[in-house]
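First up is the structure itself, then whatever we jot down about it.
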Amino acid sequence: MGTEERDSDLRLAALIDDGLRELIDLVSNSCITELQIERGGTKLYIKAAPEGGAARVGAETAVEAVRAAEVSEAAAPREVEGYHVKSPIVGTFYAASGPGADPFVQVGDYVQQGQTVGIVEAMKIMNEIESEVAGRVVEILVENGQAVEYGQTLMILDVSGS
Amino acid sequence: MDDITPDLLLEGVGPALMFREYRVFDEIGSTNAYLKALPSDEPPGVVAVADYQTMGRGREGRSWVAPPGAAIQCSVLLRPPLPPDRIYLLTTACALAVRSAIAPFVREEPRLKWPNDVMLGGRKVCGVLTETEIMPSGRARAVVGFGVNVREAPPARVAPDAGCVRQFAIRPVTRLEVLVRALREYDRLLVRLYAGDLEGVWRAWRSSLETLRRRVVVRGYGGGDEVAGWAADVALDGALILETEDGERRRVYAGEAIERA
């Protein structure tokens with residue numbers, strides 16, 4: 001590990017000692033959905049997970065994601081109504097199972113609960129992203145082959161008809 | 001051709017905590033696809049082994065065909081208690097297991113190419129492909145598949161960088177021996193991971209990587225992105241940390257790392 005990396009780790013470790021867990025709990029247990037703090041070279045970003053149980057892991061992952069050198073602007077939330085299908089990891093989005101294959105879903109398609117809507121690849125792992133809900137695809141926000149961040153919205157489903 | 005049967009595997013691997021059933025096929029589309037098609041309530045621990053894969057699946061749907069008896073094709077069904085961004089450790093543990101399995105048969109120490117190709121004498125002898133289904137809750141079911149070229153490598157026109165274990169062997173090697181050793185070691189590493197020793201497995205992986213402290217170019221797939229730099233380290237989430245010529249540190253999560261002279 002390089003000095004910069006180690007320093008960043010130390011700063012984060014200090015932050016954790018200084019009550020990061022309390023901050024996470026605060027976010028988890030309040031109406032706050034996102035919290036961003038920037039001090040020196042360290043950015044801390046906490047985003048509440050939709051389910052209480054996943055909040056802590058999600059927050060830790062979010063801290064890592066922001067530490068990454070390439071912080072994507074695209075991760076910024078968008079104000080679009082509907083159910084947001086989000087990426088559970090940092091990686092590369094694939095709309096289809098392979099080159100030349102039809103995309104898993106297209107705008108206008110009706111998606112069943114548990115249906116695969118895309119793949120996010122990281123570390124040679126093909127993560128099939130399943131929709132937790134049924135609904136119609138109203139918008140796909142990422143392109144095939146695009147790098148995505150943790151928690152980034154991949155597509156938006158209209159669930160009003162179900 | 002050496003035989004591989006469920007009984008021989010059961011006897012050879014011995015008591016395993018992670019594997020409960022071995023299913024061996026003469027011919028199958030893909031051992032990964034077979035496990036993925038099992039009902040979603042199928043308990044983990046099924047190991048599928050194919051003698052001959054008519055349609056192996058690699059990255060990006062690239063396919064290759066192994067002649068009968070040439071290679072091991074094996075996939076395991078797991079339900080890892082790991083957060084989504086640590087599931088990659090299943091893949092790296094598998095590569096580490098194959099690496100230890102083939103080490104006794106060869107003179108040169110096998111190394112890993114980031115993230116998880118097992119290399120012998122600069123040639124790839126094993127690849128690992130994990131496929132997972134992640135629900136938004138973070139719960140995952142994972143199929144980890146690996147192929148080891150034991151007796152024969154794919155022809156150069158299909159895979160110019162491929163090699164096989166026999167090519168570098170200092171004593172006779174059978175597919176059964178390699179598979180038994182790999183599964184035994186994989187079981188041991190999975191137990192470590194499930195018990196929470198993520199960092200221990202990460203350290204073992206990191207010290208086996210031949211990619212580190214070299215100049216590399218990482219080619220992305222699909223978009224054709226290319227990042228060149230000095231492979232300084234790997235992060236806890238598996239990313240390759242590249243120092244580019246502008247002094248920037250970039251984390252890379254996907255792509256093929258090619259060494260640059």
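No experiment lies behind these values; they were computed from the predicted model shown. To find a chain, count down the sequence lines: A is the first, B the second, and so on, and within it residues start at 1.
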Task: Interchain contact, B:Ala239 with chain A, by part (heavy-atom threshold 4.5 Å) - done: backbone
TODO: Sort B:Val128 into side chain, backbone, both or neither according to what part of it lies under 4.5 angstrom from a heavy atom of chain A.
DONE: backbone
Open item on the list: Can you give me the closest heavy-atom contact between B:Asn116 and A:Met123, atom names plus distance?
Closed with: ND2-O, 3.8 Å
Task: Audit row: A:Ile125, B:Glu131, side-chain contact (heavy atoms from CB on, under 4.5 Å) steps and yes/no - done: CA-CA 6 Å; A:Ile125 299 173; B:Glu131 294 178 82; over 6 Å; no
TODO: Kindly compute the distance separating CD1 (A:Ile89) from CG (B:Asp237), expressed to the nearest 0.5 Å.
DONE: 10.0 Å
- [ ] Go through the steps for B:Asp117 and A:Lys124 under the test side-chain contact (heavy atoms from CB on, under 4.5 Å), then give the verdict.
- [x] CA-CA 10 Å; B:Asp117 289 342; A:Lys124 272 200 187 160; 3.2 Å; yes
Open item on the list: For B:Ala254 versus A:Thr92, what's the shortest heavy-atom pair and its separation?
Closed with: CB-OG1, 3.7 Å
Open item on the list: Which heavy atom of A:Pro88 sits nearest to which heavy atom of B:Pro84, and what is that distance?
Closed with: O-CB, 3.8 Å
- [ ] Please examine the side chains of B:Leu129 and A:Met126, heavy atoms only from C-beta on, and report whether any two atoms are closer than 4.5 Å.
- [x] yes
- [ ] Working to the nearest 0.5 Å, report the span between CD1 of A:Ile129 and OG1 of B:Thr132.
- [x] 7.0 Å
Open item on the list: To the closest 0.5 Å, what do you measure between CD (A:Glu130) and CD (B:Glu133)?
Closed with: 4.5 Å
